[in-house]
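In what follows, a structure is listed as structure tokens, so that the remarks can point back to it.
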Amino acid sequence: MTGFPGFLLRRFIGAAVTLLALSVIVYAVFYTAPGDVAQITCGPRCSPAQVQQVAEQLRLDDPLYVRYWDFLQGIFVGQDHSTGTGTEHCDAPCLGISYQSDQQVTALITAKLPVTGSLALGAMVLWLILGVGAGVLSAWRRGRISERVLTAVTLAGTATPVFVIGLILMIVVCGQLQWLPFPQYVPFADDPTQWAWNLLLPWLSLALIEAAKYARLTRSSMLETLADDHVRTFRAYGVGERSIVGKHALRGAVAPVIALTANDFGSMFGGAVLSETLFGLPGLGRELVHAVKVVDLPVVVGMVMITGFFVVLANAVADVLYAVADRRVVLS
């Protein structure tokens, strides 16, 4: 297949192979890590007989390749899980059963996903608006005081951790000025206004950090594009500077921004630990930290797989947007 359908097919096959390789690596790393999972799951007061019973129930004595094959089968066709008193079926896509809560990992992730998804999506919109806007303005006003101020602000933002900005915003905005409430997650379906109002502070905390990075990238890409021959040709024909910057230079400089957005948005699903912990949001990040603490391996593996899925998906979408934004890109 050639053209756009062939491009999509190749990207789909590449994404599937990447996820398969990721599942092998993640499963092998976590399930061969040192530590008695049965003892930790059962508790410190369990007798050796009880620990052995837990190991048999969790099938920890089975060879690793057998357990991995069952894991793959669960994703595509589901799997049966022993509850001690009976058998429970986990429908596909099944990422296993939590050692600690006996919940299906897929259901657990589905319950936490809207929180992290809301955090990532809102922050992404804000950091693109602030970062790209500041980068374009900085390139347009190169050599002037406004450009120097923006450069200094972006450097400071890049060097500041998210929890520092988050704490400052909570103390000032929520505590002293009382402009916003202390964040607590409200489902979008219950009240869209309160959903956005309560997430505005976490969005700002993440966006201010990320926007600094996007401003620097956009500025450098814009300056490079503004120095191209076709831009000089537009100027020679009398095209206005605003039109050159807004219609021509920005389109040529947006490709690196698309790539960075794809990576950041995908990794946000697994890297929102600090933000969710700081603001008390019950998302995937907090759940992953808890699962690591109690060695709940199915939850850890499931979380890493979901994060990998979003990273691969975001990069596949970025490849398509590349071709739309820059016609020089060849679909290969």
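A heavy-atom distance below 4.5 Å is not found between the side chains of S221 and V257. With contacts defined as side-chain heavy-atom distances shorter than 4.5 Å, the pair D190/W195 does not qualify. Side-chain atoms of P298 and Y31, non-hydrogen and from C-beta on, do get closer than 4.5 Å to each other. Within the 4.5 Å cutoff, the side chain of D264 has no heavy atoms near those of the M124 side chain. Counting heavy atoms from C-beta on, the side chains of R286 and T116 never come closer than 4.5 Å. Contact of the V115 side chain with the L284 side chain is not registered, since no non-hydrogen atoms from C-beta on lie closer than 4.5 Å. Put simply, the side chain of I75 reaches to within 4.5 Å of the side chain of L95, judged on heavy atoms.
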Review point. Step by step, would you call W127 with K213 a side chain to side chain contact (heavy atoms under 4.5 Å, CB included)?
Key: CA-CA 9 Å; W127 80 51; K213 181 169 56 177; over 6 Å; no
Review point. Could you go step by step and tell me if Q104 and I97 meet the side chain to side chain contact (heavy atoms under 4.5 Å, CB included) rule?
Key: CA-CA 5 Å; Q104 295 183 11; I97 306 296; 3.6 Å; yes
Exercise for review: Might you work through the side chain to side chain contact (heavy atoms under 4.5 Å, CB included) test for N315 and R11, ending with a clear yes or no?
Suggested key: CA-CA 10 Å; N315 279 276; R11 287 296 178 270; over 6 Å; no
Check your understanding: Between S23 and L20, does a side chain to side chain contact (heavy atoms under 4.5 Å, CB included) hold up when you go through it step by step?
Key -> CA-CA 5 Å; S23 69; L20 181 62; 4.0 Å; yes
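With a 6.0 Å radius and a threshold of 12 heavy atoms from other residues, nucleotides or ligands, Q52 has its CD atom above the threshold.
Between A291 and V299 the shortest heavy-atom distance is CB-CG1, 3.6 Å.
Looking only at distances, no side-chain donor or acceptor of Q103 sits under 3.5 Å from a matching main-chain atom of L108. Listed for the Q79 side chain is a donor-acceptor partner under 3.5 Å among the backbone atoms of D70. In this structure a side-chain-to-backbone donor-acceptor pair under 3.5 Å is missing from Y99 to V294.
We find the OH-CG distance between Y185 and L119 to be 10.0 Å, quoted to the nearest 0.5 Å.
For the ring-ring contact (aromatic ring centres under 6.0 Å, His included) with Y27, the lone residue among Y65, F71, W69 that qualifies is F71.
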